[in-house]
2 protein chains.
Amino acid sequence: MVHDGEMTVVGICEDDPGVRRVLTDALKMHGHDVVIARNGREAVDNLGVRSGVEVLILDVGLPDADGRDVCQALRAGGQHAPVLFLTALDAVHDRVAGFHAGGDDYVVKPFAISEVLVRVDALRRRSRPEPVSISGLSLHPDRLSVAADGREATLTPTEFRLLAAIAAEPGAVTRRRAAVAAAWPDGAIVNENTIDSYVRRLRVKLASIDSPVELTTVRGVGFTLR
Amino acid sequence: MVHDGEMTVVGICEDDPGVRRVLTDALKMHGHDVVIARNGREAVDNLGVRSGVEVLILDVGLPDADGRDVCQALRAGGQHAPVLFLTALDAVHDRVAGFHAGGDDYVVKPFAISEVLVRVDALRRRSRPEPVSISGLSLHPDRLSVAADGREATLTPTEFRLLAAIAAEPGAVTRRRAAVAAAWPDGAIVNENTIDSYVRRLRVKLASIDSPVELTTVRGVGFTLR
DNA sequence: CCGACGTGGTCAGGTCGCGTGCAGGTTCGA
DNA sequence: TCGAACCTGCACGCGACCTGACCACGTCGG
């Protein structure tokens with residue numbers, strides 16, 4: 001089957017067998033794969049980075065734990081997959097709004113399956129890399145752009161890889177060799193000077209959006225974001 | 001008059017001629033239009049997005065395929081019409097419960113015609129192909145058209161699928177491969193250049209309605225809506 | 001049965017921008 | 001002060017993309 005994208009591996013943490021079943025069936029019917037956890041403990045065991053899940057569906061109201069705690073525990077374990085929270089109606093005005101801002105999403109129970117499916121697809125699509133925010137600068141891999149405040153600048157693929165590599169560890173110095181390896185992953189042999197050209201272009205684009213951070217040179221070592 | 005107004009186009013996939021006849025007659029008597037498929041193959045051929053059906057009635061127990069597989073195949077083709085599954089009694093406790101919770105529905109054979117009619121109406125009502133609005137652009141799946149402000153342009157089915165895929169996440173870059181997979185869900189091998197032609201046609205049509213958003217190219221990656 | 005029409009798909013040629021390298025100037029560290 | 005490291009501006013080639021046309025096929029009305 002070749003339809004709209006690749007299969008997504010979805011991790012579900014839900015105590016209610018009925019809801020679990022509904023979700024599992026619907027997701028499988030749409031060509032996705034499912035990993036199940038019945039409670040917080042199983043979630044931590046089964047839905048970590050090693051599980052290979054790409055999207056998480058977590059019930060906020062678990063018997064043994066809050067879905068947000070589960071999320072936090074998974075995140076602590078290096079699991080960065082986007083989360084779709086299932087929440088009861090009365091919790092909506094609580095702190096749920098916060099989820100949405102974080103790139104994660106939520107649906108209110110009782111929910112329509114179709115809604116869950118749509119959101120799972122959306123999360124997967126934009127999740128591969130979630131927008132990376134670094135001191136007022138946000139990188140959007142799905143848009144190939146960098147934004148500060150409201151302004152946004154689009155980057156070429158190579159520019160983006162380079163900036164992403166340098167921004168990966170804010171404050172740390174990215175060595176020239178490391179930057180080259182990141183921006184040219186195929187191991188192409190590029191002129192030492194080429195990277196300077198790209199750094200320059202990045203500086204111009206960062207300036208065009210009044211970036212709060214500067215791309216500075218550490219002479220003899222590499223580059224860093226300040 | 002009982003039925004609430006507009007005619008609904010119902011797609012039926014059912015192998016039993018008797019059941020087919022009963023459904024067809026009842027639906028037509030209530031002012032609906034019917035498109036028939038005798039098996040899974042015909043369903044995929046006749047009940048896709050291009051058929052214009054608004055509600056699907058799928059027999060779960062087809063000779064050549066499971067109704068759920070048929071549903072999956074149709075969904076992959078961009079057919080998002082709600083489904084009413086016809087299922088045998090013994091399957092109820094199977095996984096059918098899952099359908100009812102979602103946007104879709106089911107009835108158990110043998111069923112009362114009136115029940116089917118009620119559910120068809122309910123399904124249609126709650127899933128009227130609402131136009132999808134994206135930054136001033138609205139896509140009308142039921143009319144295969146795109147509108148901005150007051151102006152409207154009609155699209156061919158392939159054009160619509162392509163635009164819908166790119167518009168799914170405004171601002172995000174839709175990769176060429178993904179766009180191809182969306183516009184040609186059957187996995188047809190199309191010339192790499194073909195998609196360019198369609199993008200061009202879409203651009204022309206978007207321009208003809210003074211679209212507020214532009215279909216721009218992200219060189220080396222894909223397309224995006226800005 | 002035939003021709004008009006809409007749709008899907010292909011092709012050849014032209015355009016354009018990304019990736020790249022170079023030359024010359026400038027800054028920094030010793 | 002001197003050399004190396006870095007910055008700046010620019011030019012160029014190739015491949016990705018755009019453009020406008022063409023053709024094959026199915027549908028429908030006459």
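We use all heavy atoms of the structure for the numbers below, so side chains are in, but hydrogens, waters and symmetry mates are not. Per chain, numbering begins at 1; letters A, B, ... match sequence-line order.
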Let me know the distance between CD1 of A/I195 and P of D/dC7, rounded to the nearest Å. 10 Å
Find the distance A/K205:NZ to C/dG17:P and express it as a whole number of Å. 12 Å
Considering only heavy atoms and no angle criterion, is a donor-acceptor pair shorter than 3.5 Å present between the side chain of B/T156 and the base of C/dG6? no
Under the 3.5 angstrom rule, does the side chain of A/R203 hit a backbone N or O of A/L215 as a donor-acceptor pair? yes
Distance-only donor-acceptor test, B/S197 side-chain atoms vs C/dT10 base atoms, 3.5 Å: yes
Residues A/R161 and A/T158: side-chain donor-acceptor under 3.5 angstrom: yes
By ring pair (Phe, Tyr, Trp, His ring centres under 6.0 Å), which residues pair with A/Y198, not counting sequence neighbours? A/W184
Given that A/R201 and A/V221 both sit by DNA chain D, which one's nearest nucleotide is further toward the 5' end? A/V221
For a side chain to side chain contact (heavy atoms under 4.5 Å, CB included) with B/F223, tell me which candidate from B/L163, B/L202, B/T217 qualifies. B/T217
Would you call A/R201-A/D196 a salt bridge at under 4.0 Å N-O? no
Distance check: side-chain N/O of A/W184 vs OP1/OP2 of C/dT20, anything under 4.0 Å? yes
Is the shortest distance from a Lys or Arg side-chain nitrogen in B/E192 or B/R176 to a carboxylate oxygen in the other one below 4.0 Å? yes
Considering the options B/L56, B/I57, B/L58, B/I12, which one meets the side chain to side chain contact (heavy atoms under 4.5 Å, CB included) requirement together with B/L84? B/I57
From the options D/dC7, C/dC22, D/dG20, select the nucleotide whose nearest atom is closest to the side chain of A/N191. C/dC22
Nucleotide by nucleotide, 5' to 3', does protein get under 4.0 Å of the base (B), only the sugar-phosphate (S), or neither (-) in nucleotides 23-30 of chain C, counting heavy atoms? B---BB--
Of the nucleotides D/dT8, D/dC18, C/dG8, which one has an atom closest to the side chain of B/D196? D/dC18
Could you tell me the separation between the CG atom of B/L202 and the C1' atom of D/dT19, rounded to a whole number of Å? 15 Å
Taking atom CZ as the centre, does B/R226 end up with more than 12 heavy-atom neighbours from other residues, nucleotides or ligands that are less than 6.0 angstrom away? no
Mind calculating the distance between OH (A/Y198) and P (D/dG9) to the nearest angstrom? 18 Å
Nucleotide nearest B/R200 (side chain, heavy atoms from C-beta), chosen from D/dT19, C/dG8, C/dG19: D/dT19
Interatomic distance where CD belongs to B/E214 and P belongs to D/dC18 [whole Å]: 12 Å
Nearest-Å distance for atom pair CD/P, residues A/E192 and C/dG21: 11 Å
For nucleotides 23-25 of chain D, print each protein N/O atom paired with a nucleotide N/O atom at under 3.5 Å, atom names and distance only.
none

In whole angstrom, give the distance that lies between atom CZ of A/R177 and atom P of D/dA5. 11 Å
Between OG of B/S145 and CZ of B/R151, what distance do you get to the nearest 0.5 Å? 14.0 Å
Which part of the nucleic acid, if any, lies within reach of A/T217 when heavy atoms closer than 4.0 Å are counted: base, sugar-phosphate only, or nothing? sugar-phosphate
Could you state the atom-to-atom distance from CZ of A/R161 to C1' of C/dC18 in whole Å? 11 Å
Within the side chain of A/E54, is there an N or O that forms a donor-acceptor pair under 3.5 Å with the backbone of A/V9? yes
